[in-house]
Amino acid sequence: MLIDSLVRGGRERRLLELLKAFSQREGIQTVLVLFSRRVEYEEIKQMDLPIYYLDRKPAKDPRVFYRLWQLCKKERPDVLHCWGWMPAVYAVPTALHLNIPLLNASISDAPHDLHWGDPRYFRARITFPFSKAIVGNSKAGLNVYDAPKSKSYCIYNGFDFQRIKHLEAPDCIRKKLNIQSKYIVGMVGAFYKRKDYVTFLRAAQEVLEQGTDVTFLAIGDGPTLEQMKNKVPPAYKDRILFTGLMSNVESIVNCFDIGVLTTYTEGISNAIMEYMVLGKAVITTGSGGIREIVQDGHTGYALPSGSWLQLADYIIQLLEDDQLRQAIGQRGKALIYEQFSLDRMEKEYLDLYGLLTNGKIPIFA
């Protein structure tokens, strides 16, 4: 398994869940290769698996090619599973020289503005020809990157239901965050330009201006956090809260009445999965793989990017209609259990490994 780092992100969470699942099976040995020492998922250190750090200093360090070749010559893996464009680039020479199948699982988004000058497009074009299989976590992502259909597979994210077994009581979370309003509407997402927090904040202010008794939570960290904080008028600073990076995200989401994700484009969002598995009604903006999980009017509402006024209207509508809000939440929860389980994701990857190594799908109980 090759990945840049283990910062708190969707791609990293998927890798972590898969490693957890594999650790429970006999006959599977995984080796994790990190290209930096940034590890924010501390649970990785509790797993009994070899971890190698091939630090990229500088970012495009050519020495990594040789160090990875040395490592693979020693370990002799059956599959090189790459979780990102630079790991895939580094893996190509080793895969060719040592005749190891390269599984390129770099597609985790579906950018609407992808073009030939984009580094992601360039890395896709130079790694796709040498990849035995290309995996995207959404059909939209595979289409946007124009992945060769003959070796492309869509494997949706898998949710580990053990993560919601031991949640903090909602009253404790409310007390910790000093929330006294009747309702809570939240968004979980890193503060980067690809997340449309402006739309979330404008909708929040519109809802609050109409007198709705609600607190809005923005959970995450990133380079645009301070900029977004400055957009909140003083009158609403006690009703629009920025928590920063939190370790107990599932417990906080469990307090939501509505889960919101305002973005431009996504693959399959882990945040939406967290909302749904906890039975929360979902409203999202954007395109891409979002529409493969948020079935508009059934498991949530999917709006165009930037439609803050429409978002505010849907928030008010759902907060005023308990029956509708709960029905949407329960349909979303059922969808996650049926189509987005960790067991399903694990089986699909194991089947793919079997095809790559001997052309046969293995049978795992």
Side-chain angles (χ1 to χ4, degrees), residues 1-7 9 11-108 123-124 126-135 151 153 155 345-362 364:
M1 301 286 191
L2 282 65
I3 193 166
D4 274 310
S5 65
L6 280 180
V7 298
R11 186 200 316 270
E12 293 79 8
R13 168 57 74 181
R14 289 200 309 281
L15 168 60
L16 186 68
E17 303 293 18
L18 200 58
L19 289 172
K20 283 182 188 176
F22 287 172
S23 69
Q24 304 300 313
R25 288 190 178 274
E26 294 184 359
I28 300 174
Q29 175 65 55
T30 51
V31 175
L32 179 61
V33 179
L34 298 172
F35 294 93
S36 85
R37 296 182 181 269
R38 295 181 62 193
V39 176
E40 295 175 359
Y41 285 109
E42 291 296 320
E43 52 261 57
I44 195 68
K45 297 176 182 177
Q46 311 302 320
M47 297 185 192
D48 183 22
L49 81 161
I51 302 177
Y52 292 92
Y53 296 92
L54 303 183
D55 296 314
R56 293 167 53 191
K57 296 179 180 179
K60 296 178 181 178
D61 189 346
R63 296 171 296 178
V64 173
F65 287 104
Y66 178 66
R67 292 163 63 196
L68 180 60
W69 175 83
Q70 281 185 311
L71 174 60
C72 291
K73 190 176 180 182
K74 170 189 170 186
E75 293 285 351
R76 287 292 174 179
D78 296 293
V79 175
L80 280 174
H81 188 158
C82 299
W83 299 77
W85 295 115
M86 280 310 297
V89 170
Y90 280 122
V92 165
T94 293
L96 291 175
H97 189 262
L98 299 181
N99 196 28
I100 304 171
L102 173 58
L103 195 166
N104 188 344
S106 302
I107 299 176
S108 59
R123 291 164 187 164
I126 65 173
T127 58
F128 282 173
F130 307 105
S131 303
K132 292 294 184 183
I134 299 163
V135 171
K151 52 183 176 181
Y153 301 83
I155 298 183
M345 182 176 78
E346 178 194 14
K347 181 182 183 302
E348 290 183 8
Y349 270 118
L350 289 173
D351 288 349
L352 185 51
Y353 294 159
L355 287 172
L356 292 177
T357 54
N358 57 25
K360 298 178 181 179
I361 296 180
F364 287 91

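Values in this document were obtained by computation on a predicted structure and should not be read as measured data.
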Does Tyr53, at its OH atom, have more than 12 non-hydrogen atoms belonging to other residues, nucleotides or ligands within less than 6.0 Å?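 Result for OH/Tyr53: enclosed.
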May I have the step-by-step check of side chain to side chain contact (heavy atoms under 4.5 Å, CB included) for Leu49 and Met1, ending in yes or no? CA-CA 11 Å; Leu49 81 161; Met1 301 286 191; over 6 Å; no
From [X] [atom1] over to [Y] [atom2], what is the distance, rounded to the nearest 0.5 angstrom?
| X | Y | atom1 | atom2 | result |
| --- | --- | --- | --- | --- |
| Tyr153 | Asp351 | OH | CG | 10.5 Å |
| Asp78 | Thr357 | CG | OG1 | 6.5 Å |
| Ile100 | Leu356 | CD1 | CG | 12.5 Å |
| Leu2 | Thr94 | CG | OG1 | 9.0 Å |
| Leu98 | Leu80 | CG | CG | 8.5 Å |
| Ile3 | Glu12 | CD1 | CD | 4.5 Å |

Where [X] and [Y] come nearest, the two heavy atoms and their spacing:
| X | Y | value |
| --- | --- | --- |
| Arg67 | Asp55 | NH1-O, 3.3 Å |
| Ala91 | Leu102 | CB-CD1, 3.9 Å |
| Leu18 | Glu346 | CD1-CA, 3.9 Å |
| Ser5 | Ser36 | CB-OG, 3.2 Å |
| Pro87 | Cys82 | O-SG, 3.8 Å |
| Ile44 | Leu6 | CG1-CD1, 3.8 Å |

May I ask you to test the Ile107-Trp85 pair for a side-chain heavy-atom distance under 4.5 Å?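 Contact flag for Ile107/Trp85 side chains = yes.
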Are the side chains of His97 and Cys72 in touch, meaning some heavy atoms are under 4.5 Å apart?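 A side-chain contact is absent here, since even the closest heavy-atom pair is not under 4.5 Å.
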Listed partners of Tyr52 passing ring pair (Phe, Tyr, Trp, His ring centres under 6.0 Å), at least two apart: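 Testing Tyr52 for ring pair (Phe, Tyr, Trp, His ring centres under 6.0 Å), a comparison that skips the adjacent residues, returns none.
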Within the distance-only criterion (no hydrogens, no angle test), does the side chain of [X] pair as donor or acceptor with the backbone N or O of [Y] below 3.5 angstrom?
| X | Y | result |
| --- | --- | --- |
| Lys151 | Phe128 | yes |
| Arg13 | Tyr41 | no |
| Arg123 | Ala88 | no |

In terms of ring plane angle, is the pair Tyr349 and His81 parallel, tilted or perpendicular, where the classes change at 30° and 60°?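 Tilted, since the angle between the ring planes falls between 30° and 60°.
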Audit row: Asp61, Leu54, side chain to side chain contact (heavy atoms under 4.5 Å, CB included) steps and yes/no: CA-CA 10 Å; Asp61 189 346; Leu54 303 183; over 6 Å; no
Can you tell which of Glu42, Glu43, Met47 makes a side chain to side chain contact (heavy atoms under 4.5 Å, CB included) with Lys45?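 Only match with Lys45 under side chain to side chain contact (heavy atoms under 4.5 Å, CB included): Glu42.
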Salt bridge (Lys or Arg N to Asp or Glu O under 4.0 Å) between Glu17 and Lys20: does it pass, once the steps are laid out? CA-CA 5 Å; Glu17 303 293 18; Lys20 283 182 188 176; 3.6 Å; yes
Start with the C-alpha distance between Leu350 and Arg25, add both sets of side-chain angles, then the distance that settles side chain to side chain contact (heavy atoms under 4.5 Å, CB included), and finish with yes or no. CA-CA 11 Å; Leu350 289 173; Arg25 288 190 178 274; 3.7 Å; yes
Just do the salt bridge (Lys or Arg N to Asp or Glu O under 4.0 Å) check on Asp4 and Arg11 with the steps written out, would you? CA-CA 10 Å; Asp4 274 310; Arg11 186 200 316 270; over 6 Å; no
Before giving the answer on side chain to side chain contact (heavy atoms under 4.5 Å, CB included), spell out for Lys132 and Val79 the whole-Å C-alpha distance, their side-chain angles and the decisive distance to 0.1 Å. CA-CA 10 Å; Lys132 292 294 184 183; Val79 175; over 6 Å; no
Donor-acceptor pair between Thr127 and Asn104 side chains, under 3.5 angstrom: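 Distance-only check passes for Thr127 and Asn104.
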